[in-house]
Amino acid sequence: MAASSIFSCVPLAPPVAVFKLTADFRADSDPRKVNLGVGAYRTDDSQPWVLPVVKKVEQKIANDHSLNHEYLPILGLPEFRSSASRIALGEDSPAFKDGRVGGVQSLGGTGALRIGAEFLRRWYNGTNNTATPIYISSPSWENHNAVFLDAGFKDIRAYRYWDAAKRGLDLKGLLEDLENAPEHSIFLLHACAHNPTGTDPTQEEWKQIADVMKRRFLFAFFDSAYQGFASGNLDKDAWAVRYFVSQGFELFCAQSFSKNFGLYNERVGNLTVVGKDSDNVSRVLSRMEKIVRTTWSNPPSQGARIVATTLTTPELFDEWRDNVKTMADRVLLMRAELKSRLEALNTPGTWKHIVEQIGMFSFTGLNPKQVEYLIKEKHIYLMASGRINMCGLTTKNLDYVAQSIYEAATKIH
C-alpha cells in the first residue's frame with residue numbers, strides 16, 4: 001500500500017471569487033455573454049488597453065543602454081518612491097517641506113497594504129499587539145480582511161458604510177462606529193472610488209470623519225487604488241488623503257498603479273508614510289526595510305521605472321493625465337447610459353445611484369437571486385454582491401444588459 005502524502009491533510013481552499021467568475025465567463029460559449037466582473041479596465045471593444053504613454057516610456061527604457069538589472073535598494077527605486085508619494089500628497093504638501101514623508105515600493109497596492117499591516121502589528125500601539133482593533137468598511141474589497149488577518153491581527157471589525165435602503169453612504173452609522181471604537185484603533189479608509197460600492201464621502205463628510213478620528217486618536221490607513229481613474233482629476237481623487245495630512249495626522253497610504261497606468265501584471269505599488277517628523281519616519285522605514293527583506297527581499301524595476309519616468313517628465317506626465325481621463329470619461333459615459341436605459345424601461349427601483357457613484361465599480365443593488373438569474377439565464381457575469389465593473393459595458397452590449405437587468409428586477413424579488 002502506497003504511503004499517504006505528507007500533504008494529505010491539507011484542505012482544498014475555495015477559489016478566489018473574481019477569478020473564478022472570469023474563468024466561468026471564458027468557458028461560456030454563448031455569444032451573448034458579458035463579463036461585468038473583471039477587475040480591470042476594458043475598451044469599448046471589451047479589450048485591455050495599454051496606455052499610449054506606457055508604450056512610449058517602455059520604448060524609451062528599452063533604448064536606454066545605461067540601464068541594467070542590478071538589485072534596487074530594498075525600499076525600492078528612489079525616484080519612483082518620491083514621485084509616487086508626491087502624486088498622493090501634492091507637490092506643495094507641507095509634509096514634504098517638513099521632511100516627514102517616506103515611501104516603500106511594493107508589489108502592487110496589496111503589497112503596500114501587507115507591509116503596512118505587518119509594521120503596525122509589530123510596532124503600533126505596543127510591541128506585537130495583535131489585539132489592536134482593525135476596522136474595515138462593510139462592505140469592502142475581499143482582500144482587506146485577509147491581509148490584516150494574515151498579518152496576525154486577531155480583532156477585525158466592520159464599520160458601517162453602505163446604506164442599502166437609500167443606496168448610498170451610511171454617514172450616521174460610520175460616525176457612530178468611529179465614536180465607539182477604542183482609542184488607537186486602525187481604520188482602513190478608501191481614498192476614492194470605494195470598492196465595491198463606488199460611493200465616496202463628500203469633502204464635508206470627510207471633514208466630519210477626520211474630526212472624530214483626530215479626537216478619538218484613531219489611525220488612518222488609506223487605500224488609494226484609483227487616483228485619477230475615479231473622477232479623471234488627480235487632485236480631486238486625492239483630496240481626502242491630503243486633508244488628513246493638513247490636519248496633522250500621521251498616516252499610511254497604500255498606492256496602486258495597476259488601474260491608473262494599466263500596469264496590472266507589473267505589480268507597481270507604493271506605501272506612503274507620513275509621520276510627525278523626519279526622525280520618526282526614518283525609524284519607521286528602517287523597520288519596514290527589515291520586513292521587506294524577508295517578504296520579497298527586493299522589488300522589480302520595470303513597472304517602477306515606467307511610472308517614475310512618466311511622473312517626472314512634464315510632457316509624459318501631461319500625456320498620462322490625458323490617458324487617465326480617457327478611461328475615467330468612458331466609465332462616466334457608461335454610467336449615464338446604463339441609468340438612462342434602465343429608467344427608460346421603467347425598471348423597478350431607483351437607479352440614480354449609478355451616476356452618483358464613482359470609479360470602476362457600481363453597487364447595483366441587485367440581490368443574489370437576481371444575480372444568479374443574470375448569470376444562468378442571460379450569461380451576464382457579475383459578483384454575487386451585485387457589484388459590476390462599468391468597463392464591462394460597451395455601446396454594443398448596453399441595451400442587452402439593461403433589458404436583462406429589467407427582466408431580473410421585474411421577475412425576481
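We're numbering straight along the sequence, starting at 1.
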Query raised in the report: Is the Lys NZ or Arg CZ of Arg86 less than 6.0 Å from the centre of Phe96's six-membered ring, within 45° of the axis?
Result: yes

Query raised in the report: Should we count NZ of Lys376 as having more than 12 external heavy atoms under 6.0 Å?
Result: no

Query - Residues His144, His190; criterion side-chain contact (heavy atoms from CB on, under 4.5 Å); working and verdict - result: CA-CA 11 Å; His144 282 151; His190 298 232; 3.6 Å; yes

Query raised in the report: Looking at Phe252 versus Phe219, is the centre-to-centre ring distance below 6.0 Å?
Result: yes

Query raised in the report: Asn270 pairs by side-chain hydrogen bond (donor to acceptor under 3.5 Å, both in side chains) with which of Ser106, Ser224, Ser85, Ser256?
Result: Ser85

Query raised in the report: Would you call Arg215-Glu179 a salt bridge at under 4.0 Å N-O?
Result: yes

Report task. Keeping the roles fixed (side chain from Lys166, backbone from Leu169), state whether a donor-acceptor pair exists under 3.5 Å. Result -> yes

Report summary line: CZ of Arg287 to CZ of Arg122, rounded to nearest 0.5 Å, is 10.0 Å

Report task. Could you tell me the separation between the CE atom of Met390 and the CG atom of Leu36, rounded to the nearest 0.5 Å? Result -> 8.5 Å

Report task. Mind telling me whether Phe148 and Phe153 have parallel, tilted or perpendicular rings, with 30° and 60° as the class edges? Result -> tilted

Requested in this report: Give a yes or no on whether a salt bridge exists between Lys55 and Glu58, defined as a side-chain N under 4.0 angstrom from a carboxylate O.
Outcome: no

Query - Close side-chain approach of Val307 to Phe261, heavy-atom, < 4.5 Å - result: yes

Query raised in the report: Between the side chain of Thr309 and the main-chain N/O of Ile306, is any donor-acceptor distance below 3.5 Å?
Result: no

Query raised in the report: Is the backbone of Thr364 close enough, under 3.5 Å, to the side chain of His353 for a donor and an acceptor to pair up by distance?
Result: yes

**Report entry** Any side-chain donor near an acceptor of the partner, Asn145 and Ser140, under 3.5 Å
**Finding:** no

Query - Main-chain N/O of Lys378 paired with Arg32 side-chain donor or acceptor, under 3.5 Å - result: no

Query raised in the report: Taking Gln105 for the side chain and Phe80 for the main chain, is one N or O donor matched with an acceptor at less than 3.5 Å?
Result: no

Report task. Decide salt bridge (charged side-chain N to carboxylate O under 4.0 Å, His left out) for Lys207 and Glu204; before the verdict, give the C-alpha distance in whole Å, the side-chain angles of both, and the deciding distance to 0.1 Å. Result -> CA-CA 5 Å; Lys207 288 179 180 179; Glu204 288 305 311; 3.4 Å; yes

**Report entry** Any side-chain heavy-atom pair of Phe221 and Leu120 under 4.5 Å
**Finding:** yes

Query raised in the report: Within the side chain of Lys97, is there an N or O that forms a donor-acceptor pair under 3.5 Å with the backbone of Asp92?
Result: yes

Requested in this report: Output yes when a side-chain donor or acceptor of Arg242 lies under 3.5 Å from a complementary backbone atom of Ala88, and no otherwise.
Outcome: yes

Query raised in the report: Between the side chain of Asp200 and the main-chain N/O of Ile358, is any donor-acceptor distance below 3.5 Å?
Result: no

Report summary line: Output for pair (Ile136 CD1, Leu149 CG), nearest 0.5 Å, gives 7.5 Å

Query raised in the report: Any salt bridge between Asp163 and Lys172, counting N to O under 4.0 Å?
Result: no

Report task. Decide yes or no on side-chain contact (heavy atoms from CB on, under 4.5 Å) for Val54 and Val57, but give the supporting numbers first. Result -> CA-CA 5 Å; Val54 167; Val57 176; 5.9 Å; no

Query - Parallel, tilted or perpendicular: ring planes of Tyr124 versus His184, cut at 30 and 60 degrees - result: perpendicular

Query raised in the report: Do any N or O atoms from the side chain of Asn195 and from the backbone of Trp141 form a donor-acceptor pair under 3.5 angstrom?
Result: no

Query raised in the report: Is the Trp239 ring parallel, tilted or perpendicular to the Tyr243 ring (thresholds 30°, 60°)?
Result: parallel

**Report entry** Contact check, side chains of Phe119 and Val104, non-hydrogen atoms, under 4.5 Å
**Finding:** no

**Report entry** is_close_aromatic(Tyr161, Phe363), centroid dist under 6.0 Å
**Finding:** no

Query raised in the report: Hey, are Arg121 and Asn128 close enough side-chain-wise for a donor-acceptor pair under 3.5 Å?
Result: yes

Requested in this report: Step through the shown structure and confirm whether more than 12 heavy atoms of other residues, nucleotides or ligands are within 6.0 Å of NZ on Lys396.
Outcome: yes

Query raised in the report: Could you give the distance from CG (Leu174) to CD (Glu205), rounded to the nearest 0.5 Å?
Result: 9.0 Å

Query raised in the report: Taking the side chain from Arg216 and the backbone from Ala181, do they hold a donor-acceptor pair closer than 3.5 Å?
Result: yes

Query - Crowding at NZ, Lys33 (>12 non-hydrogen neighbours, <6.0 Å) - result: yes

Query raised in the report: Side-chain donor-acceptor pair under 3.5 Å between Asp28 and His379, yes or no?
Result: yes

Report task. Please tell me if the side chains of Ser278 and Asp98 come closer than 4.5 Å, counting only heavy atoms from C-beta onward. Result -> no

Query raised in the report: Is any side-chain heavy atom of Trp351 less than 4.5 Å from a side-chain heavy atom of Leu338?
Result: no

Query raised in the report: Considering residues, nucleotides and ligands other than Arg293, do more than 12 of their heavy atoms fall under 6.0 Å from its CZ?
Result: no

Report task. Answer yes or no: are there more than 12 heavy-atom neighbours, outside Phe19 itself, under 6.0 Å from its atom CZ? Result -> no

Query raised in the report: Any ion pair linking Asp318 and Arg321 (charged N to carboxylate O, less than 4.0 Å)?
Result: yes

Query - Pairwise side-chain contact, Ile388 with Ile380, heavy-atom cut-off 4.5 Å (strictly under) - result: no

Requested in this report: Using a 4.5 Å cut-off on heavy atoms from C-beta on, say whether the side chain of Pro300 contacts that of Leu107.
Outcome: yes

Query raised in the report: When you look at CZ of Phe317, are more than 12 heavy atoms from neighbouring residues, nucleotides or ligands closer to it than 6.0 Å?
Result: yes

Query raised in the report: Under a 4.0 Å N-O cut-off, is there an ion pair linking Asp64 with Lys60?
Result: no

**Report entry** Beyond-backbone contact of Met383 with Val371, side-chain heavy atoms, under 4.5 angstrom
**Finding:** no

Query raised in the report: Roughly how far apart are Thr110 OG1 and Arg267 CZ, rounded to 0.5 Å?
Result: 5.5 Å

Query raised in the report: Quick one: CG on Leu374 to CD1 on Ile405, what's the gap to the nearest 0.5 Å?
Result: 6.5 Å

